[in-house]
There are 2 protein chains.
Amino acid sequence: MSKKIGGRRAPTESDVAKLAGGSQSAVSRAYTKGASIAQKTREKILQAAKELGYQPNLMARSLATNQSNIIALAISNLENPFYANVAQQLSSQLREIGKHILLFTSPSDDETDPMLERALSYQVDALIMTATLASPELALQCKKAGVPIVQINRGSKIAGVSTVWGENHRAGEVAAEHLLKTKHKNFAFVAGSKTSSTSQMRQDGFIEHLAKSGIKNVPIAYGEYSFSGAANAARKLLSAKNRPDAIFCASDYMAFSVLDVAKREFNLNVPNEVSIIGVDDVPEASHSAYDLTTFSQPAGALAKAAIEIVEQMNSESSRRAMHIEVEGQLIIRGSTKA
Amino acid sequence: MSKKIGGRRAPTESDVAKLAGGSQSAVSRAYTKGASIAQKTREKILQAAKELGYQPNLMARSLATNQSNIIALAISNLENPFYANVAQQLSSQLREIGKHILLFTSPSDDETDPMLERALSYQVDALIMTATLASPELALQCKKAGVPIVQINRGSKIAGVSTVWGENHRAGEVAAEHLLKTKHKNFAFVAGSKTSSTSQMRQDGFIEHLAKSGIKNVPIAYGEYSFSGAANAARKLLSAKNRPDAIFCASDYMAFSVLDVAKREFNLNVPNEVSIIGVDDVPEASHSAYDLTTFSQPAGALAKAAIEIVEQMNSESSRRAMHIEVEGQLIIRGSTKA
DNA sequence: TGTATTTTTGCATACGTATGCAAAAACTGA
DNA sequence: TCAGTTTTTGCATACGTATGCAAAAATACA
């Protein structure tokens with residue numbers, strides 16, 4: 001209490017009411033769209049509010065309405081440009097509908113931040129997760145509280161959790177197809193983590209499509225979605241007796257690392273000695289330092305889909321989880337030979 | 001109202017009190033550190049709370065205490081890895097002291113997001129801004145509300161706005177010194193925006209130090225802190241009659257772009273034909289695709305300083321703005337010749 | 001055991017906004 | 001002008017938690 005240090009405390013609806021000559025409820029209604037209030041009264045009130053520099057107290061509003069216009073965003077790794085991009089998109093798209101983001105970053109990719117349960121304390125309208133998995137306990141908590149969960153770019157076996165993702169299986173197929181068409185012989189895959197369904201689906205698409213052309217036993221290494229992990233994976237793959245001439249990576253971020261290792265440590269010419277394909281099409285992929293061929297996963301569309309789900313579930317008070325797949329396409333650049 | 005759709009509404013302190021056999025105030029005190037309550041009672045209450053899955057309603061708490069434990073973070077460009085890094089650091093350091101981040105991304109670097117004023121509606125404890133400038137009106141609003149503003153990596157002439165930054169002037173000096181020692185002859189500077197004090201200080205340090213060795217008329221181009229802007233700046237500088245053999249860039253992000261253009265469009269060998277130095281030392285700078293020499297600006301330390309300021313101003317209810325400079329150092333890598 | 005002291009408890013109220021309800025005001029049509 | 005209808009207003013109360021205050025309980029001391 002008593003934080004009204006030097007300055008006077010912020011004006012409230014009552015203050016505005018006094019100045020405008022009305023009641024507190026009138027002021028409240030002036031700010032409520034579709035409320036029963038005369039146009040003239042509303043104008044008088046807004047004028048008075050302006051004079052006082054009145055700003056509605058969203059905490060109080062939230063308490064009264066039981067919704068906060070805040071959405072919790074859990075993101076494991078902001079340094080991965082793909083997720084930074086998604087966050088930026090979410091932020092600007094949410095702003096347009098008057099909602100805000102409460103940011104949670106978690107230390108690990110797979111663990112749910114235990115702090116996340118505290119997000120519910122803020123009466124958030126929804127929980128959007130990227131690169132992190134919802135734990136069953138968290139999902140239960142959210143279900144109890146009627147807070148929808150949407151996972152972006154990660155699958156979930158938990159009932160009631162909605163998901164949004166790119167065309168993961170097709171990404172693998174298309175990458176395989178392109179590499180086959182361009183006469184590659186020895187294929188390899190750099191996976192994310194073993195628990196990532198996204199990585200698994202990309203892998204399945206890739207492996208299955210190659211199998212159709214009779215190519216079996218494609219080596220796989222795990223990059224753990226990190227830069228150093230992918231570097232190790234690359235070292236392992238590239239030092240094998242039968243060195244691959246085509247590497248498909250489960251993310252651009254890992255592909256960058258693989259590119260670095262191939263060029264620098266193995267002195268390989270990309271794309272003549274080895275071609276590399278990623279997934280995501282992050283902005284850096286088009287920078288000429290990487291110039292990476294990749295299957296795109298448009299951050300803007302993913303964000304849009306996630307928000308649609310949230311809006312729909314909140315408005316319909318629906319319990320049914322939704323699942324949306326967002327289209328991508330192969331972007332051919334200089335990291336694969338023609 | 002009436003959002004208690006399918007499930008029952010979330011348990012409140014009163015529910016817990018009923019189960020534990022006490023009063024609502026007792027429950028409140030059980031959660032208040034240092035409150036007057038018997039150890040046994042507290043345990044009994046916490047037990048009951050656990051059974052019900054009770055989570056304190058932070059909106060209500062905030063309304064009662066007039067502080068939210070929420071800090072507004074305004075960031076213009078999450079895609080710039082330096083700022084993403086700072087955001088990540090802030091997030092994890094704030095988590096440890098039980099505070100959370102409300103994220104605001106603004107479209108432009110220089111403009112303050114008008115939405116930011118609405119942040120105050122959430123009764124945020126502070127406003128941390130990176131890569132964006134506080135407008136005088138915003139500063140006034142914050143002052144009235146007793147909300148401290150801290151700008152990271154941007155100066156401010158507005159009284160009452162605290163700042164945290166790296167050793168900008170020294171960065172320029174050190175870069176100049178290193179390039180002189182390594183026998184470069186033609187120097188150039190890629191600035192951020194004209195309004196950025198950070199860029200200006202780096203420039204001053206660079207130019208002044210060169211002037212001491214009799215070097216005058218160093219060409220300057222503006223990269224606007226964007227990838228494409230820096231590419232244009234690089235094109236302009238590198239196509240001059242007297243091509244520079246040493247370029248200092250006001251940020252790593254821009255240096256990456258300059259590197260790309262030098263290598264790809266001008267077919268220059270880096271570092272033999274042109275050396276490039278950045279500022280920040282973002283993670284990518286060490287990736288071998290760039291391998292950039294740079295003056296570091298540690299995100300962790302910047303975040304820590306900003307949080308210190310916030311904590312101190314909030315605890316002392318102090319009005320006095322604070323200014324902290326964080327040390328950096330030159331990290332020599334492969335983009336400059338030996 | 002009884003009194004003085006300290007600790008713990010519950011009551012009542014405050015925080016700022018939203019909203020059902022009834023009263024008041026503004027219209028409508030003849 | 002007046003009764004009937006619609007719109008607008010204010011009152012009262014609710015949302016969930018924090019806290020000053022006085023009453024109650026526990027403890028200390030003689």
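The sequence lines fix the lettering, A, B, ..., with proteins before strands; numbering per chain opens at 1.
Contact annotation for A:T41: backbone-only contact, meaning every heavy-atom pair under 4.0 Å involves sugar-phosphate atoms and none involves a base.
Contact of the A:S162 side chain with the A:M313 side chain is registered, since non-hydrogen atoms from C-beta on lie closer than 4.5 Å. The shortest side-chain heavy-atom distance between B:E308 and B:I324 falls under the 4.5 Å cut-off.
Rounded to an integer number of Å, the gap from NZ of B:K18 to C1' of D:dT17 is 16 Å. For the pair B:L63 CG and C:dA14 C1', the interatomic distance rounds to 9 Å; values are reported in whole Å. Atom-to-atom, CZ of A:R42 to C1' of D:dT7 comes out at 14 Å; the value is rounded to the nearest Å. As rounded to whole Å, 16 Å separates atom C1' of C:dC15 from atom CZ of A:R61. Straight-line distance from the CD1 atom of A:I37 to the C1' atom of C:dA25: 14 Å, rounded to whole Å. Atom C1' of nucleotide C:dA25 and atom NZ of A:K40 are separated by 12 Å, given to the nearest angstrom. In this structure, CG of A:N69 is placed 14 Å from C1' of C:dT17, rounded to the nearest angstrom. Rounding to whole angstrom units, CD of residue A:Q123 and P of C:dG16 are separated by 19 Å.
With distances taken from any side-chain atom of B:N57 to the nucleotides D:dG16, D:dG10, C:dT17, the minimum falls on D:dG16.
For the segment residues 24-32 of chain A, the set of residues with a heavy atom within less than 4.0 Å of an atom of DNA chain C comprises A:Q24, A:S25, A:S28, A:R29, in numerical order.
In this model, the phosphate group of C:dT17 is approached by a side-chain N or O of A:Y54 to a distance below 4.0 Å at OP1 or OP2. Residue A:T12 places none of its side-chain N or O atoms closer than 4.0 Å to OP1 or OP2 of C:dG16.
Atom CZ of residue B:R118 and atom CG of residue B:L102 lie 11.5 Å apart, to the nearest 0.5 angstrom.
Pairs of residues two or more places apart, or lying in two chains, that qualify as ring-ring contact (aromatic ring centres under 6.0 Å, His included) and include a residue from residues 28-60 of chain B are B:Y31-B:Y54.
Looking only at distances, a side-chain donor or acceptor of A:D125 sits under 3.5 Å from a matching main-chain atom of A:S68. Here the side chain of A:S121 pairs no donor or acceptor atom with the backbone of A:E117 at under 3.5 angstrom.
For the helix from C:dT1-D:dA30 to C:dA30-D:dT1, the end axes, each set by the C1' atoms of five terminal pairs, are bent relative to each other by 20° (nearest 10°).
Of the residues A:N69, A:I70, A:I71, the one that meets the side chain to side chain contact (heavy atoms under 4.5 Å, CB included) test with A:L94 is A:I71.
Nucleotides of DNA chain D nearest to A:Q39 and B:P11 differ in position, and the one nearer the 5' end is that of A:Q39. Judged by closest nucleotide on DNA chain C, B:S36 is the one of B:A60 and B:S36 placed further toward the 5' end.
Closest non-hydrogen pair, B:A87 versus A:L78, comes out as CB-CD1, 3.9 Å.
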Does the side-chain hydrogen bond (donor to acceptor under 3.5 Å, both in side chains) test come out yes or no for A:Q39 and A:E43, once each step is laid out? CA-CA 6 Å; A:Q39 185 56 31; A:E43 279 163 17; 3.2 Å; yes

